[in-house]
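Below, each value reflects all heavy atoms present in this structure, side chains not excepted, and no hydrogens, waters or symmetry copies.
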Amino acid sequence: MAYDGAPFRGFALQPEVPTVAGTLRAALSRTARLTEPPVLTCAGRTDAGVHARGQVIHVDLPAVPFDGVGLARALNRQVAPSIVVLSATAVPDEFDARRSATARRYRYLVWNAPAPDPLLHPTTWHIRDPLDLRAMSAATDVLLGTHDFRSFCRRKPGTSPDEPIVRRVTQARWSLSGGGEVDDAAAHGEGRLLRFEIEANSFCHQMVRSLVGSLVEVGRGRGNAATLLERLRSATRHRAADPAPAQGLCLVSVSYG
């Protein structure tokens with residue numbers, strides 16, 4: 001499934017506020033004529049304002065008079081365009097959208113230009129300062145491999161600060177994006193769209209946004225690969241850069257098997 005995170009207070013169900021799970025649960029209840037809303041399990045809980053193009057969920061349903069295509073169509077009539085079910089299919093009972101996943105990929109977009117762009121703003125972080133993409137790319141290489149990411153994660157309540165938060169990053173890179181609105185915006189003034197992509201076995205809370213915040217500081221000349229490595233090894237959020245804004249982040253894909 002894909003969704004625009006702007007109207008929602010994140011994926012997870014919360015009382016009295018709009019969430020992706022709450023909206024989809026209500027649509028599933030109506031479609032399957034359930035007496036109680038079903039429980040949804042997602043591959044990765046996204047925070048308020050974070051988008052998705054490749055979120056995966058599983059849900060246990062009774063027999064419904066739809067195949068996967070029909071179920072997706074029935075749901076999309078109720079929740080699109082903010083939420084779109086891209087495909088639906090029956091899966092084995094042992095499948096778990098979260099526990100069966102082997103990797104998640106996130107993308108973060110930075111619009112680096114003197115002025116913001118109104119059409120790119122909903123899905124990018126506007127940075128007016130010139131950014132050194134080469135320095136940011138060099139610092140990104142530090143993240144590859146298995147590390148304790150305590151310096152870049154918001155710890156769950158009730159857990160010890162001495163407990164490592166180990167994740168394995170298999171890919172991480174910066175690149176320049178173009179085409180469509182990007183080329184149009186650049187044609188009307190100086191600007192470029194920077195694209196950060198990262199893949200790992202799993203992510204902790206605010207990990208990608210915290211990494212992007214620190215890498216942008218490197219791009220501004222306030223650090224380098226060595227300082228990022230030092231921060232990673234420090235295993236503390238003390239003096240860490242602020243996390244990047246939510247609207248630039250998107251869950252792109254989830255891998256299984």
Side-chain angles (χ1 to χ4, degrees), residues 1-109 122-123 168 170-171 177 179-181 195 197-203 205 208 246-257:
M1 59 185 294
Y3 48 84
D4 172 9
F8 303 106
R9 293 289 297 274
F11 182 91
L13 186 68
Q14 299 182 56
E16 308 300 327
V17 296
T19 65
V20 177
T23 302
L24 193 59
R25 274 164 46 105
L28 279 164
S29 294
R30 291 188 292 267
T31 301
R33 298 181 179 178
L34 305 176
T35 57
E36 293 289 337
V39 176
L40 306 183
T41 299
C42 67
R45 289 187 177 185
T46 51
D47 291 337
V50 176
H51 316 292
R53 283 200 174 277
Q55 177 71 276
V56 178
I57 69 162
H58 83 253
V59 57
D60 294 326
L61 293 175
V64 293
F66 301 104
D67 58 9
V69 173
L71 179 60
R73 186 181 299 119
L75 293 172
N76 287 337
R77 280 197 293 264
Q78 303 173 66
V79 300
S82 295
I83 301 173
V84 175
V85 178
L86 301 172
S87 65
T89 186
V91 293
D93 288 343
E94 61 269 20
F95 176 82
D96 186 290
R98 183 171 67 88
R99 293 185 175 87
S100 300
T102 55
R104 288 94 169 158
R105 177 179 289 269
Y106 281 88
R107 179 192 68 213
Y108 197 96
L109 298 178
T123 56
R168 185 180 72 255
T170 52
Q171 296 181 40
S177 287
E181 297 293 350
R195 179 189 186 106
E197 290 206 10
I198 183 168
E199 182 174 290
N201 61 326
S202 63
F203 291 85
H205 191 198
V208 181
Q247 77 268 13
L249 183 60
C250 180
L251 173 59
V252 175
S253 63
V254 182
S255 300
Y256 294 89

Exercise. What residues form a side-chain contact (heavy atoms from CB on, under 4.5 Å) with R195, not counting sequence neighbours?
Worked result: R107, L109, S175, S177, E197

Problem set entry | Closest approach of P7 to S82 (non-hydrogen atoms, all atoms of both residues) | CG-OG, 4.1 Å

Problem set entry | From H51 atom NE2 to Y106 atom OH, the distance as rounded to the nearest 0.5 Å | 12.5 Å

Exercise. D47: what forms a side-chain contact (heavy atoms from CB on, under 4.5 Å) with it, not counting sequence neighbours?
Worked result: V50, H205, Q206, R209

Exercise. Under the salt bridge (charged side-chain N to carboxylate O under 4.0 Å, His left out) test, which residues partner D67, sequence neighbours left out?
Worked result: none

Seminar exercise, completed: Residues pairing under side chain to side chain donor-acceptor pair (under 3.5 Å) where one sits in residues 23-32, two or more places apart or in two chains, turn out to be R30-Q78, T31-Q78

Problem set entry | L34 side chain near P62 side chain, heavy-atom distance below 4.5 Å | yes

Exercise. Closest heavy-atom contact between A12 and T19?
Worked result: O-CG2, 3.1 Å

For this session: Look only at the side chain of R104 and the backbone of N201, and say whether a donor-acceptor pair between them is shorter than 3.5 Å.
Result: yes

For this session: Verify, without hydrogens or angle tests, whether S255 (side chain) and T102 (backbone) share a donor-acceptor contact under 3.5 angstrom.
Result: no

Problem set entry | OG1-CZ distance between T46 and F11, expressed to the nearest 0.5 angstrom | 7.0 Å

Seminar exercise, completed: Here the pair of heavy atoms bringing D60 nearest to P38 is O-CB, 4.4 Å

Problem set entry | P122 vs Q247 side-chain heavy atoms within contact, under 4.5 Å | no

Problem set entry | Result of checking V20, L13, L28 against L40 for side-chain contact (heavy atoms from CB on, under 4.5 Å) | L28

Exercise. Can you name the residues that form a side-chain contact (heavy atoms from CB on, under 4.5 Å) with A52, not counting sequence neighbours?
Worked result: Y3, Q55, L251

Problem set entry | Atom pair OG (S253) and CD (E199), whose distance is rounded to the nearest 0.5 Å | 6.0 Å

When the side chains of residues 86-97 are checked against the rest of the protein, which donor-acceptor pairs come out under 3.5 Å, sequence neighbours left out?
{"unit_1": "D96", "atom_1": "OD1", "unit_2": "R98", "atom_2": "N", "d": "2.9"}
{"unit_1": "D96", "atom_1": "OD1", "unit_2": "R99", "atom_2": "N", "d": "2.8"}

Exercise. Tell me, do L24 and V59 make a side-chain contact under 4.5 Å, heavy atoms counted?
Worked result: no

